[in-house]
Enquirer: 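First the structure, which I've put down as structure tokens, then a few questions once you've had a look.
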2 protein chains.
Amino acid sequence: MFKIGEFSWFTRVSVKMLRHYDRIGLLKPSHVDPESGYRYYSVEQLPRLHRIVALKDLGFSLERIGDLLAGDLSEGQMRALLEQQRADLAALIEAEMVRLVRVEDTLARLADDLPVVDVVLRRVEAQLVASMRQRIDPFSEAISAMFVAVEQYVGAAQADRPPVLLYHDVEFIEEGVDVETAIPLKHPVEPTRRIHVRTLPAVDQMAVLVYTGPYEHMMPALTVLYHWIERGGYRIAGPQRDVYLRYNGSRGPARHLTTNPDDYITEFQIPVKGPNHAL
Amino acid sequence: MFKIGEFSWFTRVSVKMLRHYDRIGLLKPSHVDPESGYRYYSVEQLPRLHRIVALKDLGFSLERIGDLLAGDLSEGQMRALLEQQRADLAALIEAEMVRLVRVEDTLARLADDLPVVDVVLRRVEAQLVASMRQRIDPFSEAISAMFVAVEQYVGAAQADRPPVLLYHDVEFIEEGVDVETAIPLKHPVEPTRRIHVRTLPAVDQMAVLVYTGPYEHMMPALTVLYHWIERGGYRIAGPQRDVYLRYNGSRGPARHLTTNPDDYITEFQIPVKGPNHAL
DNA sequence: GGTACACCCTCCTACAATAGGAGAGTCAAG
DNA sequence: CTTGACTCTCCTATTGTAGGAGGGTGTACC
């Protein structure tokens with residue numbers, strides 16, 4: 001019989017942890033003095049502690065180790081737990097490798113004196129909108145006109161959410177871009193021949209980049225977004241959306257308006273499908 | 001201005017977390033109503049929150065994110081933090097991959113109906129011993145005789161620790177194995193021509209396997225230990241030690257003795273050097 | 001046989017990031 | 001003005017590990 005300190009000394013498991021394993025029932029001392037409460041361990045407990053430590057090194061939680069050591073599980077259940085652990089580890093490694101790539105990309109951008117911008121992946125909810133879709137020349141004034149037309153038409157039905165521009169072309173096009181200007185609605189309005197009423201679908205995995213500044217300089221940021229998607233092993237799964245969080249407009253929800261182009265805030269959103277996450 | 005719920009809704013950062021970021025100073029609301037305590041956020045805070053989420057996805061802790069966002073660090077410091085993160089991630093990935101290999105090995109053993117045994121890596125402390133070293137035939141009775149001889153010689157100086165057998169051959173040898181039988185000492189004794197007194201050095205990284213059962217069947221377990229070392233990317237860094245935690249002996253510390261070979265408990269220890277840990 | 005000191009006990013606290021709940025106050029739409 | 005949705009603070013929990021306080025225990029040495 002060993003006192004807890006001796007047992008700790010040569011198993012290299014701290015006294016704190018041995019007491020913890022006792023409390024959670026993972027490893028009870030073979031004898032506890034009822035007078036003093038002193039724990040006494042025997043060599044016979046060594047294989048069990050050894051297995052606990054080994055399973056811990058395999059990445060199992062103490063709770064799962066408890067299950068595994070309970071002994072009342074079939075070989076099939078044992079295998080299932082191990083398979084589960086393998087899958088968890090594989091997923092974790094994949095996620096960490098994507099992270100590593102991203103950190104390296106950021107370092108590379110820093111080394112090249114390029115601006116560091118941040119992309120995040122998140123869900124975007126569905127949104128009822130009124131919209132107008134049209135082929136126009138890129139960066140043209142026509143876009144403003146389209147937004148204004150839709151806003152005027154929907155009037156009080158406009159929701160207090162930022163307007164959205166959708167790009168329906170799959171590839172880059174020099175002129176005649178297929179765009180849709182969408183204004184969020186509080187409730188449906190009657191469609192017309194030019195103004196449609198529809199619901200922008202929710203997107204579970206949206207790669208999002210927030211850009212602050214005038215529209216002329218947004219291309220480098222957008223490039224980063226595409227780079228991010230590619231490097232992360234994602235594929236594009238829908239039309240890009242530009243969300244105007246802060247923009248120049250005499251109309252529209254007041255809290256989204258500003259006049260200084262340097263204060264413009266735009267969110268670039270690209271729906272993606274990824275290998276390592278649920279759709 | 002958005003109330004916390006709205007801000008949470010479209011950033012997909014939970015209200016709980018927004019309040020948390022406020023408390024730790026990571027993201028203060030642009031306005032807090034002094035009456036109600038209500039937090040109000042503005043679009044201008046979106047880039048910052050976005051960056052926080054992006055850095056979190058890169059694996060940074062909130063504390064480090066705080067440092068990174070403080071803005072008062074040079075590009076060099078920024079780079080250093082990223083480099084650190086890269087190194088941390090690389091190390092983590094390597095460790096997880098070793099884990100994964102081990103889980104897969106365990107599954108393979110399970111599928112082949114081989115016994116699952118557990119190897120752990122730990123430190124072993126230095127130990128003063130009296131020992132006798134000799135070439136003998138493997139598994140011979142001579143080993144017992146050597147232990148008995150040393151035990152008899154050291155007498156009361158014997159410490160209450162298990163005897164150790166060291167194998168000094170680097171490779172497997174059919175006959176004439178170079179072994180050393182070591183008995184732990186409480187304090188030094190006089191050496192003789194045949195009995196040496198020395199300190200078994202501490203080993204920082206010892207691959208250890210606990211084996212329960214008679215000596216005849218220990219080879220498969222030992223094979224696992226070698227396999228484990230190889231698969232983990234370690235190299236052997238010293239002589240193997242067998243520690244007799246529970247063995248048959250009429251003498252020796254009482255708490256290590258038993259007569260039933262099925263109750264024998266032996267620890268196989270092999271010093272290793274590994275790529276991913278400090279020496 | 002006593003005393004000092006190393007050891008052991010329980011109970012509390014902390015970490016980091018996140019989540020849930022209780023109880024009370026606030027805002028906005030009808 | 002009521003009601004229901006929202007918000008506030010404060011408390012608790014998670015997981016594995018560690019530190020400390022305050023008090024009891026075992027033993028080696030004198």
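We name chains A, B, ... by the order of the sequence lines, and we start the count at 1 in each one. In what follows, every heavy atom counts, from backbone to side chain, and hydrogens, waters and symmetry copies are set aside.
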Enquirer: Please state how far atom CD in A:E6 lies from atom P in D:dG26, giving the value in whole angstrom units.
Expert: 14 Å
Enquirer: Is the shortest side-chain N/O distance from B:R39 to OP1 or OP2 of D:dC8 below 4.0 Å?
Expert: yes
Enquirer: Expressed as a whole number of angstroms, how long is the span from B:F2:CZ to C:dC27:C1'?
Expert: 18 Å
Enquirer: Identify which nucleotide among D:dT9, D:dA18, D:dT17 has an atom closest to any side-chain atom of B:R19, counting heavy atoms from C-beta outward.
Expert: D:dT9
Enquirer: Might you confirm whether atom CD of A:E63 has over 12 heavy atoms from other residues, nucleotides or ligands at distances under 6.0 Å?
Expert: no
Enquirer: Return the value, rounded to whole Å, for the distance between atom CG of B:L26 and atom P of C:dA16.
Expert: 13 Å
Enquirer: Please check the phosphate of D:dA18 (OP1 and OP2 only) for any side-chain N or O of A:S14 closer than 4.0 Å.
Expert: yes
Enquirer: Rounded to the Å, how far apart are A:R23 CZ and C:dC8 P?
Expert: 16 Å
Enquirer: Determine the minimum heavy-atom distance between A:F2 and A:V43, stating which atoms define it.
Expert: CE1-N, 3.7 Å
Enquirer: Choose from C:dC27, D:dG26, D:dT17 the nucleotide whose nearest atom is closest to any side-chain atom of A:K3.
Expert: D:dG26
Enquirer: If you check every side-chain atom of A:M17, which of C:dC8, C:dT18, D:dT17 has the closest atom?
Expert: D:dT17
Enquirer: Between A:H31 (NE2) and C:dC8 (P), how many Å, whole number?
Expert: 15 Å
Enquirer: Looking at A:K3, is its backbone amide N or carbonyl O close enough to the side chain of A:E6 to form a donor-acceptor pair, meaning the two atoms are under 3.5 Å apart?
Expert: yes
Enquirer: Among C:dC27, D:dC8, C:dA17, which nucleotide sits nearest the side chain of B:S61?
Expert: C:dA17
Enquirer: Please give, in whole Å, the distance from D:dG16 P to A:L18 CG?
Expert: 15 Å
Enquirer: Taking atom P of C:dA17 as reference, at what distance in whole Å does atom CD1 of B:I52 sit?
Expert: 12 Å
Enquirer: In terms of side-chain heavy atoms of B:D33, which of C:dC27, C:dC8, C:dT10 is nearest?
Expert: C:dC27
Enquirer: Hey, does B:V129 have a side-chain heavy atom less than 4.5 Å from the side chain of B:V164?
Expert: no
Enquirer: Is the backbone of B:F10 close enough, under 3.5 Å, to the side chain of A:R122 for a donor and an acceptor to pair up by distance?
Expert: yes
Enquirer: Using the closest heavy atom to pick a nucleotide of DNA chain C for each, name whichever of B:I24 or A:Y40 lands nearer the 5' end.
Expert: A:Y40
Enquirer: Enter the inter-axis angle for the ends of the helix from C:dG1-D:dC30 to C:dG30-D:dC1 (five pairs per end, rounded to 10°).
Expert: 20°
Enquirer: State which of C:dC8, D:dT15, D:dT7 makes the closest approach to the side chain of A:E63.
Expert: D:dT15
Enquirer: Using whole Å, what does the distance between atom C1' of nucleotide D:dA28 and atom NZ of B:K186 come to?
Expert: 12 Å
Enquirer: Closest to the A:Y38 side chain: C:dC9, D:dA18, D:dT17?
Expert: C:dC9
Enquirer: Considering only C:dA19, C:dC11, C:dA16, which nucleotide approaches the side chain of B:K16 most closely?
Expert: C:dA19
Enquirer: Counting distance only, does the side-chain N/O of B:Q45 pair as donor-acceptor with the main-chain N or O of B:L27 below 3.5 Å?
Expert: no
Enquirer: For B:R231, is there an ion pair with B:D105 - N to carboxylate O distance below 4.0 angstrom?
Expert: yes
Enquirer: Looking at A:S8 and A:V13, would you say the former's side chain and the latter's main chain have a donor-acceptor pair under 3.5 Å?
Expert: yes
